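Have a look at the structure below, then the notes.
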Amino acid sequence: MSKLLDDMNALAAEISVCRDCMLHLTRDKSVPGEGNVRTKILFIGEGPGANENATGRPFVGQAGNFLNQLLAIAQVKRQEVFITNVVKCRPPSNRDPLPEELSACSKFLNRQIELINPLIIVTLGRFSMARYFPLQRISSIHGQGLWVNDRLIIPMFHPAAALHQPSLRAAIEHDFSLIPGYLEQAKERFDPKPVIEEKPAEAPKPDNSAPAEPDTGEAAQLSLF
Ligand code: SF4
């Protein structure tokens, strides 16, 4: 097993016994996140729901099924990306995470980002967007890739919001379709394609042995077509 995977598993073990906020009192299973630790794309959602709390896995159930469809639109497989949340334990009755819970749990997300070091981060919903753009409204900036500390952050609606509000569905599907382009943009920034200088073609040397043709203008016309 690689050191990176070891470190990620050690972090997940730490999360499973964490008691740094009140959410540990009501959780069944913590949900550290899952996926490819060598991914270029990290997805950050809000917090575990009932299905996630029962299974210990992120984005299962209806929202998870919709996320899988969205990943297909983005032309990536679920096992190729890493998916996690801003809080790793379920807020009771799916309430919003409290500021002190977000603050207590942020150290785990910070370490995950440090370990994975993704090229792009897709935030899903208001709370993960607020990590990077605390003063923005998601309805204003969803789908826009914005550079923050040399990393491309793309805020998007939470898939569960689109399930509850069908009018958001087309917007989130369109936003996911932009992911391949953003990934290329981020790759180019850190691994730009070499600029190939085009040398002008050398003019053919005149063949002094051949008799000179009269200049009818025909050769110039041919070269145009
Ligand atoms: Fe610890 Fe985060 Fe769970 Fe709170 S939500 S108990 S900080 S792992």
Side-chain angles (χ1 to χ4, degrees), residues 1-39 41-68 78-79 81-118 120-136 138 148-149 151 153-164:
M1 212 189 304
S2 73
K3 172 157 186 342
L4 178 56
L5 201 50
D6 281 348
D7 288 349
M8 196 60 98
N9 286 339
L11 188 55
E14 214 179 301
I15 290 168
S16 70
V17 294
C18 173
R19 295 178 174 198
D20 289 352
C21 81
M22 297 296 277
L23 295 182
H24 84 274
L25 294 171
T26 46
R27 76 178 169 217
D28 288 323
K29 288 189 177 175
S30 62
V31 184
E34 68 179 22
N36 182 354
V37 291
R38 297 187 192 284
T39 187
I41 313 175
L42 174 65
F43 289 85
I44 307 175
E46 188 171 308
N51 292 314
E52 291 79 9
N53 178 59
T55 59
R57 297 186 55 215
F59 282 91
V60 289
Q62 258 193 312
N65 290 338
F66 186 40
L67 178 64
N68 293 345
R78 183 161 170 147
Q79 61 269 28
V81 301
F82 198 92
I83 303 169
T84 189
N85 287 304
V86 284
V87 289
K88 315 300 188 192
C89 303
R90 183 190 183 203
S93 312
N94 291 351
R95 65 158 168 76
D96 289 344
L98 301 174
E100 58 268 30
E101 293 159 355
L102 289 162
S103 166
C105 212
S106 66
K107 58 184 175 291
F108 295 124
L109 183 53
N110 291 343
R111 280 163 63 190
Q112 287 177 319
I113 294 170
E114 207 176 299
L115 286 171
I116 296 170
N117 192 21
I120 66 176
I121 291 179
V122 179
T123 63
L124 301 170
R126 287 179 295 137
F127 289 95
S128 52
M129 178 198 72
R131 259 181 77 87
Y132 300 98
F133 313 111
L135 302 177
Q136 293 283 1
I138 195 161
V148 178
N149 296 332
R151 187 168 276 131
I153 313 294
I154 308 149
M156 295 201 188
F157 290 112
H158 195 285
L163 289 176
H164 298 137

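Each ligand, and each atom within it, is numbered from 1 in the order the structure gives. Since the model is a prediction, treat every value here as computed from it, not as a measurement. Count residues from 1 along the sequence.
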- request: Indicate yes or no for a side-chain donor-acceptor contact from N36 to the backbone of V81 under 3.5 Å, with no hydrogens or angles considered.
  value: no
query: Should D96 and R126 count as an ion pair when the cut-off is N to O under 4.0 Å?
result: yes
- prompt: Can you tell me which residue and heavy atom of the protein come closest to atom 3 (Fe) of ligand 1, and the distance to 0.1 Å?
  reply: C89 SG, 2.4 Å
query: Got an N, O or S from C105 under 2.8 Å of atom 2 (Fe) of ligand 1?
result: yes
statement: for atom 4 (Fe) of ligand 1, nearest protein heavy atom and its distance come out as C21 SG, 2.3 Å
- prompt: Between E14 and K107, is there a salt bridge with N-O shorter than 4.0 Å?
  reply: no
message: Looking at L11, is its backbone amide N or carbonyl O close enough to the side chain of Q112 to form a donor-acceptor pair, meaning the two atoms are under 3.5 Å apart?
response: no
- prompt: Can you list the atoms of ligand 1 that are under 4.0 Å from a heavy atom of H24?
  reply: 6 (S)
Atom indices of ligand 1, in the order listed, that fall short of 4.0 Å to a heavy atom of F108: 8 (S)
message: Looking at R57 and E34, is there a salt bridge between them, counting it only when a charged N and a carboxylate O are closer than 4.0 Å?
response: yes
field: atom 1 (Fe) of ligand 1: the protein heavy-atom neighbour that sits closest, reported with distance to 0.1 Å
entry: C18 SG, 2.2 Å
